[in-house]
Amino acid sequence: MGIKDLLKFMKPYIVPIHINKYSGKRVGVDAFSWLHKGAYSCSMELALNTKGEKGRRYLQYCMHHINLLRHNGITPVVVFDGGSIPCKSNTASERRRRRNANHALAKEKLDQGNVNAAIELFQKAVHITPEMAHQLIQILKTENIEFVVAPYEADSQLAYLSTLEPDQGGISAVITEDSDLMAYGCQAIIFKMDRYGNAQEILMDNVFNSLSDGPSFKHFDIELFTGMCVMAGCDFLPSIPDIGIKRAHSLVSKYRNLDSVLSILKIRKEKQMPDDYVKSFKKAIAVFRHALIYDPGKKTLKNMKPLPDSILQSLDGDLDILGPDLPTSIAISIAEGCMNPITKEVFDSKAHDQLHTSITVRKASTIHIRRQQDSQTPYRNEIGTSIFSIGEMSEEKIKAEPEALEKYSNESIALRKLLLPMKSYKAEKKAEDKVLDFPDNNPFKKRKLVNSDAETAVVVARTVTEQTISEVTNVESGKSKKKESVDSLPLLFTEKNLKASIETKSKMSGSKSKSKSKVMTTKKGSITSFFMRKTAS
DNA sequence: GCCCAGAGCTCGT
DNA sequence: GCTCTGGGC
Ligand SMILES: [Mg+2]
């Protein structure tokens, strides 16, 4: 969705250029734009997962555009989307629903022998998978082209990179199709680049100088501009009825202060404004200013801009809306293209060897939460993932005291198996016949069984070796369930509308952590437990 | 004039 | 993701 009507509104500031203007510069690329356009050249092959060269035309499309940049003396920095942040609007799931419907229709037409009709429908089912991104990354690696997979939105990652100096890994401009880049405060943005390098550019310096015709931003700064964007309607918050880009701009121009505008709106639109609008507004602003991004220099996650205490308060301590934090090793593996940013599975065993060393001493426990759909709240958590760290060892320490690694080895083995793709589980199953280390009930598969419109939700907690989940309490009834030892028994909650507090205790480090989650179960309760046998003999 | 909802389109022969 | 269109006020 981007910012509603923003591109049209900013048209007076958009000028045609040729990308050779950026010769000698580093320029960021929103990979999604090109992957998505390229996918139209082979929609059927992608949908049917056809083997062969035709199904890779989207890669040719991307590489053509990337090579065009290189031919013009530009150093491309390709940025991929990672996971989705919790508070994004449900238009994404709406789109997915339409795509799936079109995919099914396309297959019917194909069975009837109507290939042209099928292709038309397959095109309406086009979508980008992490695997497709991974395929492009493989090429970028061999071609020595810089890239990074953002922990969450590519937009914020690109905006962050454009704040850095070129010698610090920064970029001079961003190529994208998404107006959100303006709201994120990106200085130079290039839209609609065609196959010859013709494009349209906007420079935010020109916007704030407001020398050309069009809406004036003379008294705006980037904070006010972002406020205008949120007010006009963005992915994180729908606008108040009858407030569009024009009125948002007028209000911000007049009062030059976001709190003042919000007060005025509260009075003027008291019936139309949701009770929590101001709170949601501040949260949306916080995402545009402080989203969680990957710092390629330090190889760690951080906020796009440092998080002041004042913002922390307006978030109610809910930092997850900026993107849930991830262990550093996971973030690195994702950023370097070794790990699926959504499922957290490694892409292949070869990539697994390239994983950061400290990953071997981490424990992963993922909790998938699908909250009850609640029309009153604009924020909806679809899936949340938590990965708990139980300890870290530097490469130096491992070399100095290899025996120290021993105590982690069980976990290491378990974690490797956890992270390996499903193929490997199946291989083990065959090799060991009926004796299974891992039953064939991958929670990631189960997640797909959960309907996107299901009113209820699944929580699957997976434990690896030493983790214990000591107690699950039903807050409403006060009843609690205790688990003496769950070394090999993760929990599955099948009660309906369970509101539970979960205490997690690490045997290895002795540290305890508590977490509370709203827990709901599947409608049909058809999910079975996931077991992981202790690997210690 | 402005907002909104809906429908069509992104490749390439 | 964007753009165009037509209808509402
Ligand atoms: Mg966006």
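Atom set for the values below is all heavy atoms of this structure, side chains included, hydrogens, waters and symmetry mates excluded. If you're wondering where the values come from, they're calculated on a predicted model, not measured in any experiment. Chain letters run A, B, ... following the sequence lines, proteins first and then strands; every chain starts at 1.
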- A:Tyr255 side chain to A:Ser263 side chain, donor-acceptor N/O pair below 3.5 angstrom: no
- Message: Closest approach to the side chain of A:Lys4, judged atom by atom: which nucleotide of B:dC4, C:dG1, B:dC2 is it?
- Response: B:dC4
- Query: Can the ring centres of A:Phe220 and A:Phe208 be said to be less than 6.0 Å apart?
  - Reply: no
- Query: For A:Ile119 and B:dC9, what is the distance between atoms CD1 and P respectively, to the nearest whole Å?
  - Reply: 16 Å
- Message: Could you check whether A:Lys37 and A:Tyr58, counting side-chain N and O atoms only, form a donor-acceptor pair closer than 3.5 Å?
- Response: no
- Note: A:Glu45-A:Arg57 ion pair, threshold 4.0 Å (strictly below): no
- Item | Most 5' of A:Asp5 and A:Lys124 on DNA chain B, judged by nearest nucleotide | A:Asp5
- Whole Å only: how far is the CD atom of A:Glu120 from the P atom of B:dG12? 18 Å
- Query: Rounded to the Å, how far apart are A:Arg57 CZ and B:dT13 C1'?
  - Reply: 10 Å
- Message: Of the options B:dG12, C:dG1, C:dT3, whose atoms approach the side-chain atoms of A:Tyr61 most closely?
- Response: B:dG12
- Nearest to the side chain of A:Ser179, which nucleotide is it out of C:dG1, C:dC2, B:dC3? C:dC2
- Specify the separation, in whole Å, of atom CZ of A:Arg247 and atom C1' of B:dG1. 8 Å
- Can you tell me how far P of B:dC2 sits from NZ of A:Lys8, to the nearest Å? 10 Å
- Within residues 30-51 of chain A, find the residues that approach DNA chain B with a heavy atom at under 4.0 Å, and present them sorted by residue number. A:His36, A:Lys37, A:Tyr40, A:Ser41
- Task: May I ask you to check whether A:Gln138 and A:His134 show a side-chain donor-acceptor distance below 3.5 Å?
- Result: yes
- Task: Start with the C-alpha gap between A:Lys124 and A:Arg98, add the side-chain angles, then the distance that decides, and say whether side chain to side chain contact (heavy atoms under 4.5 Å, CB included) holds.
- Result: CA-CA 8 Å; A:Lys124 291 180 180 174; A:Arg98 290 190 66 85; over 6 Å; no
- Task: Round to a whole Å and report the spacing from CE of A:Met10 to P of C:dC2.
- Result: 14 Å
- Task: May I ask you to say what A:Leu6 touches in the nucleic acid, namely base, sugar-phosphate or nothing, with a heavy-atom cut-off under 4.0 Å?
- Result: nothing
- Message: If you go through the side-chain atoms of A:Gln123, does one of them form a donor-acceptor pair with the base of B:dC11 closer than 3.5 Å?
- Response: yes
- Item | Nearest-angstrom distance from the residue atom CG of A:Asp194 to P of B:dG12 | 12 Å
- Message: Rounded to whole Å, how long is the line connecting atom OH of A:Tyr58 with atom C1' of B:dT10?
- Response: 17 Å
- OP1, OP2 of C:dT3 versus side-chain N and O of A:Lys192: anything below 4.0 Å? yes
- Query: Do the ring planes of A:Phe225 and A:Phe217 sit parallel (below 30°), tilted (30 to 60°) or perpendicular (above 60°)?
  - Reply: tilted
